[in-house]
Amino acid sequence: MSDITPHTPHDDLTSRLTLPRYPRSSAYDARWTVENTMGPHPLWLLEWLAPALGLDTLRPGARVLDLGCGRAMTSVFLAREYDVQVTAADLWIKPEENARRIAEAGITDRVLPVLAEAHALPFGDESFDAIVSIDAYQHFGTDDLYLPSLTRLLKPGGRIGVVVPAMREEIEGSEPPEQLKPFWDPAFWCFHTPEWWRRHWTRSGAVEIEAADWQPDGWRDWLLWCDVVAEESTEEFHVRSSRESARMLRVDEGRTLGFARVVGRRPSTVARS
């Protein structure tokens with residue numbers, strides 16, 4: 001049995017992170033998720049994305065690109081839960097580090113870790129049946145020219161699905177909402193509404209939009225996760241950042257911040273030049 005599955009189902013940490021709306025994620029060891037965090041709980045976000053993306057409909061062995069996979073928790077989840085072949089691409093985490101986690105999960109035959117920058121992906125056209133990106137796409141995907149360059153990697157009819165931190169309403173002007181000013185980082189300007197993402201992807205002409213929606217009470221899950229990481233993480237950076245994020249989310253109370261889910265399908269008939 002891999003050490004990514006719970007050993008003590010009724011301990012306090014596991015209980016706090018066992019949510020009925022995320023049954024698949026609850027099967028993973030809570031300590032493992034905390035130790036490998038790089039932001040909001042990636043398995044919860046991926047499990048929310050999965051039905052809209054149609055992951056259960058992929059054939060066994062289908063090829064999936066996990067773009068901005070971080071410490072490969074989402075890649076492990078994809079391979080184990082949906083029996084797909086995953087390319088775990090990230091710029092910040094070394095492939096050999098992710099390879100160790102993948103080996104510990106016992107799925108080295110199904111997940112390939114690679115070092116890759118989002119604008120220079122080393123893959124051929126139509127290499128993947130699906131593309132997934134959890135809490136990463138906002139860093140590069142607001143570029144008007146990015147989605148067409150990415151979807152060339154999808155087979156015709158293939159889907160791309162992302163979950164990103166989002167705004168409930170688009171911010172007008174150059175100032176953040178008053179309650180967020182003490183916490184505001186200029187990087188937050190890459191957060192947008194689901195409708196902004198719908199328009200952005202529609203304008204690209206690269207995909208047919210199948211979903212662009214707001215996660216109900218997503219901020220509450222985010223806050224719970226921040227509280228847990230602040231208390232349980234052994235990495236000082238994550239303790240500090242989680243405490244600050246928790247303070248921000250408590251002040252905001254869901255008025256502004258949450259998550260958007262966006263899914264698009266590459267047309268089955270692709271025009272060729």
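Just the heavy atoms: all of them, side chains too, but no hydrogens, waters or symmetry mates, feed the values below.
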Worksheet item: Is L257 close to L180 at the side-chain level, that is, under 4.5 Å between some pair of heavy atoms?
Response: yes

Discussion item. Can you list everything that forms a side chain to side chain donor-acceptor pair (under 3.5 Å) with D135? Sequence neighbours excluded, please.
Written reply: Q138

Discussion item. So L78 and D66, do their side chains get closer than 4.5 Å, heavy atoms only?
Written reply: yes

Worksheet item: Taking C-beta and beyond as the side chain, do R21 and W44 meet within less than 4.5 Å on heavy atoms?
Response: no

Worksheet item: Do the non-hydrogen side-chain atoms of V64 and I131 ever get within less than 4.5 Å of each other?
Response: no

Worksheet item: Would you say the side chain of W48 lies within less than 4.5 Å of the side chain of L53, judging by non-hydrogen atoms?
Response: no

Response to the item:
Value for CZ (R100) from CD (E97), rounded to nearest 0.5 Å, stands at 6.0 Å

Worksheet entry | Distance in Å, R110 CZ paired with Q85 CD, rounded so as to fall on 0.5 Å steps | 8.0 Å

Worksheet item: Is the number of heavy atoms from other residues, nucleotides or ligands within 6.0 Å of CD (E169) greater than 12?
Response: no

Worksheet item: Going through the distances and angles, do R247 and D227 end up as a salt bridge (charged side-chain N to carboxylate O under 4.0 Å, His left out)?
Response: CA-CA 10 Å; R247 287 181 57 227; D227 283 341; over 6 Å; no

Practice prompt. Find out whether E232 and R31 are in side-chain contact, i.e. whether some heavy atom of one side chain is under 4.5 Å from a heavy atom of the other.
Written response: yes

Worksheet item: Taking it one step at a time, do R24 and E47 satisfy salt bridge (charged side-chain N to carboxylate O under 4.0 Å, His left out)?
Response: CA-CA 7 Å; R24 292 183 189 251; E47 193 163 353; 5.0 Å; no

Worksheet entry | Whether R220 side chain and P216 backbone form a donor-acceptor pair below 3.5 Å | no

Fill in: Non-neighbouring partners of T33 that pass side chain to side chain donor-acceptor pair (under 3.5 Å), sequence neighbours left out
none

Worksheet item: Within a strict 4.5 Å, meaning less than it, do heavy atoms of the V76 and I107 side chains meet?
Response: yes

Item to complete: Start with the C-alpha distance between T202 and E208, add both sets of side-chain angles, then the distance that settles side-chain hydrogen bond (donor to acceptor under 3.5 Å, both in side chains), and finish with yes or no.
Response: CA-CA 7 Å; T202 299; E208 298 168 351; over 6 Å; no

Discussion item. Assess, by modelled atom type and distance only, whether the side chains of Q179 and T256 contain a donor and an acceptor separated by less than 3.5 Å.
Written reply: yes

Practice prompt. Spell out, as yes or no, whether a donor-acceptor pair under 3.5 Å connects the side chain of T193 to the backbone of W196.
Written response: yes

Worksheet item: Between the side chain of S149 and the main-chain N/O of Y146, is any donor-acceptor distance below 3.5 Å?
Response: yes

Discussion item. To check you understand the geometry: which heavy-atom pair defines the closest contact between F188 and M167, and what is its length?
Written reply: O-CE, 4.0 Å

Worksheet item: What distance separates L91 CG from H139 NE2, expressed to the nearest 0.5 Å?
Response: 11.0 Å

Worksheet item: Does the side chain of S15 pick up a donor-acceptor pair with the side chain of D12 at under 3.5 Å?
Response: no

Item to complete: Would you confirm whether D252, through its side chain, and M248, through its main-chain N or O, come within 3.5 Å as a donor-acceptor pair?
Response: no

Fill in: Test log, rule salt bridge (charged side-chain N to carboxylate O under 4.0 Å, His left out), inputs E104 and R101
CA-CA 5 Å; E104 289 169 354; R101 276 181 284 274; over 6 Å; no

Discussion item. Would the distance check show the side chain of T14 and the main-chain N or O of D11 forming a donor-acceptor pair, the cut-off being under 3.5 Å?
Written reply: no

Discussion item. With side chain to side chain contact (heavy atoms under 4.5 Å, CB included) as the criterion, how do N98 and K94 come out once you've worked through the C-alpha distance, each side chain's angles and the decisive distance to 0.1 Å?
Written reply: CA-CA 7 Å; N98 278 339; K94 295 178 180 179; over 6 Å; no

Worksheet entry | Residues D129 and K155 bridged, charged N to O under 4.0 Å | yes

Item to complete: Could you state whether V239 and V228 fall into the same hydrophobic cluster, counting links through intermediate Ile, Leu, Val, Met, Phe, Trp or Tyr residues with side-chain heavy atoms under 4.5 angstrom apart?
Response: no

Worksheet item: What pair of heavy atoms forms the shortest contact from W201 to V263, and how long is it?
Response: CZ3-C, 3.9 Å

Item to complete: May I ask you to check whether over 12 heavy atoms, not counting those of E178, lie within 6.0 Å of atom CD?
Response: no

Practice prompt. Output, in order, the C-alpha distance, side-chain angles, deciding distance and verdict of side chain to side chain contact (heavy atoms under 4.5 Å, CB included) for L147 and V207.
Written response: CA-CA 9 Å; L147 186 62; V207 295; 3.9 Å; yes

Worksheet item: Would a line drawn from the ring center of W222 to the ring center of F259 be shorter than 6.0 Å?
Response: yes

Worksheet item: Do any N or O atoms from the side chain of H238 and from the backbone of T37 form a donor-acceptor pair under 3.5 angstrom?
Response: yes

Discussion item. Taking G141's backbone N and O only, do any of them form a donor-acceptor pair with H200's side chain (distance below 3.5 Å, no angle check)?
Written reply: yes

Practice prompt. Return yes when atom CH2 of W184 has more than 12 non-hydrogen atoms of other residues, nucleotides or ligands closer than 6.0 Å, and no otherwise.
Written response: yes

Worksheet item: Got a second to check how far L150's CG is from L145's CG, nearest 0.5 Å?
Response: 13.0 Å

Fill in: Smallest separation among heavy atoms of P156 and S268, with atom names
CB-O, 3.2 Å

Discussion item. Any salt bridge linking R240 with E235? Criterion: basic side-chain nitrogen under 4.0 Å from a carboxylate oxygen.
Written reply: no

Worksheet item: Could you go step by step and tell me if R199 and R203 meet the side chain to side chain contact (heavy atoms under 4.5 Å, CB included) rule?
Response: CA-CA 6 Å; R199 183 183 64 182; R203 284 175 167 178; 3.7 Å; yes

Discussion item. Quick one, R265 and E210 - any side-chain contact, counting heavy atoms below 4.5 Å?
Written reply: yes

Item to complete: Give the intermediate values and the outcome of salt bridge (charged side-chain N to carboxylate O under 4.0 Å, His left out) for residues D90 and R71.
Response: CA-CA 8 Å; D90 200 82; R71 289 174 169 167; over 6 Å; no

Discussion item. Applying a strict under-4.5 Å side-chain criterion to I, L, V, M, F, W and Y, I'd like to know whether Y82 and M73 cluster together.
Written reply: yes

Worksheet entry | CD-SG distance between E231 and C226, expressed to the nearest 0.5 angstrom | 11.5 Å

Worksheet item: Given the rule in the side chain to side chain contact (heavy atoms under 4.5 Å, CB included) test, do V162 and I134 qualify, once you have shown the distances and angles that lead to the verdict?
Response: CA-CA 6 Å; V162 308; I134 302 297; over 6 Å; no

